[in-house]
Amino acid sequence: MQRHDRHAGSRSPRPASRSRQGSSYSEQAIFGEGRAKAIILVFLALSLVFAVRLVQLTVVDAGKNADAAADSRTVSITLAPKRGTIYDRNGNVLATSVDAKTVYCNPRDVTDADWEAEQIASALGGKASDYKKLLTQDTTFVYLEKQVEMERAEKLQDLNLDGIYFLDDSKRVYPYGEVGGQVIGLIDVDGNGLTGLELYYDDILSGEPGKLTAQYYGDDGATIPGSVTEDEPAVDGEDIVISLDIGMQQYLEERLVLTAEELEGKGGNSLIYDGGTGEIYACASLPYLDPSDREHIKEGSTELRSITTAFEPGSIFKTVTFTAIMEAGLFSPDDTLFCPAYLPADEYFVSDAHDRGDETMTIRQILDQSSNVGTSLAASELGFTELYEKILAYNLNEPTGVDYPGDAGGFLSEVSEWSTIQAYNVSFGQGISVTPMQIARFYGALVNDGVECTPHFLMKRLNSDEQPEWKTEQVIENKEAIATVTDMLTTVVEDGTGKDAAIEGYTVAGKTGTAEYASESGGYVEGNYNISFVGFLPNSNSQLVCFVGATEVPGDRLTTAAFSDIMSFATERYRIVAE
């Protein structure tokens, strides 16, 4: 037993432990070999993906990627078209575009911003500090100045500054300054119409812009030599001829200024309109606009109030009422009406502008003495519904369709809403509003056999086969009434309130107007009036109608003398012959 124990105690360690150590080493080797294979497989897969992508980029998408790369370093520049010229009826240039330059830069090409900014300011004017801010922008394209006059642009070009480039451009000029300025209107710095005919006919005057492209190096943004190309040339705008006569316009404007000064009015407007064609020879309102001086634009100067502003016309509207009465055949000029000093209406009384007693007056006297009472009574004989319908028939309730922005339509309430006092008021031009252009169009029908012509400025498009056409409408159906009303209007000038409108050697037909105007607080302003005269030369070869108005005039005054002067000038200018 002891031997057995000795034998057992003398045994060498069991090889089992070594066998376990050998098994661990083998597993690590296998794992290492698997990981290496996996890495190789991943690497091969990625290589395959990269290879496929490389083929995609260099072969399949090569053209598209080249275009994208080019696009990323390409700048597109708009080329401004040359705006169309506006001529007056005699071929005088009212607005045109002269050659100019647009100056731009690539700040990445600029080598000395401080020095170049000084040189640019010296050539173009302005502050060097402002130009430096542009020259140091983090971009490849920036405008320095548009519409630079050629003299200044050439001075800058001669300096040959790094990074400074030039485009052909044009600059709008207005040879007659403020004469006709409201009619012609303004454009903005980008050449878009803002007011007047520049706005109304912007689509045909403006043309179509073109496109210029330039490419730059991708690393530093410097311009690639020879890369500037004109992809789409600009298409210049159309030239137009308008009905304005700049000589007539100038005289009208001068006389209107004098009228406002003489009458102490706050404003005024005037126009000359051809009742036979619809052409507007002259049109202006105070204050005037000079399109070439954008720094001193007065409030209200961009409007043409003869077209854009309605007013209560007062007694010049009586011609409308008596035309309706004469069309109905109710009275002849020598028929009489008893006209009391005061005519009751609801809780009010209608009276004439000048105090008088009760009086029997002829229809002719009612008009030439401008009696509110007599007009109200004559209108009541016609019937106020019939008067209302005639006002609509004469188109005095809607815009004229004139080719000018802001054509106003005035105001006329429904006859069903009229009280007695309102009905009387409408008959003599209060409680209704119209524009001077609307009332001139109506008087134009009296000189054109009862036909109204749409007022307009545009006469011809010089670069187009498409020419304007203007609507006409027979609005006075009973043509016999025209001669009667015209004869009554001549009496207004010969014996009535319009005596100062007379022109030696001519018969003048017309009507004075003295109208109250509303105050901001309600009701009518006392002691001040909007006054006007509208008339024509019936026994002549002319169909011109002239309106002259002054606003917020103190006391009892007239614009008849201004009408006489303006139309006298027209008779000489157009060689109007009395018949």
Side-chain angles (χ1 to χ4, degrees), residues 178-179 182 248-273 282-289 298-301 303-319 352-355 368-370 372 428-430 433-437 439-440 443 489 492-493 496-503 508-520 524-536 545-570:
E178 73 175 14
V179 180
Q182 292 166 314
M248 186 74 248
Q249 177 79 20
Q250 183 171 5
Y251 183 83
L252 181 144
E253 290 186 10
E254 292 171 353
R255 189 61 180 86
L256 185 59
V257 170
L258 181 60
T259 300
E261 292 174 353
E262 291 174 341
L263 301 176
E264 301 180 88
K266 289 190 177 181
N269 67 89
S270 183
L271 65 89
I272 295 180
Y273 161 80
C283 191
S285 62
L286 297 170
Y288 299 143
L289 170 71
K298 298 177 182 178
E299 183 178 357
S301 65
E303 298 181 52
L304 200 52
R305 295 185 186 275
S306 297
I307 291 171
T308 62
T309 304
F311 73 120
E312 293 186 60
S315 295
I316 59 174
F317 195 80
K318 289 172 181 173
T319 304
D352 290 351
H354 302 98
D355 289 338
D368 69 41
Q369 297 303 312
S370 202
N372 296 336
F428 55 81
Q430 298 280 177
S433 65
V434 296
T435 65
M437 191 74 258
I439 204 71
Y443 276 72
L489 291 174
V492 172
V493 178
T497 58
K499 291 180 180 179
D500 289 339
I503 300 172
V508 176
K511 186 69 187 75
T512 54
T514 302
E516 294 181 302
Y517 61 92
S519 68
E520 293 182 359
Y524 286 105
V525 175
E526 294 186 4
N528 281 20
Y529 303 95
N530 291 335
I531 61 175
S532 57
F533 184 88
V534 58
F536 51 91
V545 174
C546 178
F547 171 95
V548 185
T551 60
E552 300 183 41
V553 175
D556 184 15
R557 307 183 186 191
L558 298 169
T559 61
T560 45
F563 168 90
S564 179
D565 288 345
I566 292 170
M567 284 300 282
S568 293
F569 183 87

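Both backbone and side-chain heavy atoms feed into the values below; hydrogens, waters and symmetry mates do not. Sequential numbering from 1 along the given sequence is applied to the chain's residues.
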In terms of ring plane angle, is the pair Tyr251 and Phe569 parallel, tilted or perpendicular, where the classes change at 30° and 60°? parallel
Within the distance-only criterion (no hydrogens, no angle test), does the side chain of [X] pair as donor or acceptor with the backbone N or O of [Y] below 3.5 angstrom?
X      : Y      : value
Asn530 : Glu552 : yes
Lys318 : Ser370 : yes
Asp352 : Asn372 : yes
Thr551 : Gly267 : yes
Arg557 : Leu263 : yes
Thr497 : Thr512 : no

Rounded to the nearest 0.5 Å, what separates atom [atom1] in [X] from atom [atom2] in [Y]?
X      : Y      : atom1 : atom2 : answer
Leu558 : Lys499 : CG    : NZ    : 12.0 Å
Glu253 : Leu286 : CD    : CG    : 9.0 Å
Thr259 : Ile566 : OG1   : CD1   : 6.0 Å
Ser285 : Leu271 : OG    : CG    : 10.5 Å
Ile439 : Ser306 : CD1   : OG    : 13.0 Å
Cys283 : Leu256 : SG    : CG    : 10.0 Å

Closest heavy-atom pair and its distance - [X], [Y]:
X      : Y      : value
Gln430 : Thr514 : OE1-O, 4.5 Å
Leu252 : Ser270 : CD1-OG, 3.4 Å
Phe533 : Gly498 : CE1-CA, 4.3 Å
Val525 : Ser519 : CG2-CB, 3.6 Å

Measure the shortest side-chain to side-chain distance between His354 and Asp556 over non-hydrogen atoms and say whether it is less than 4.5 angstrom. yes
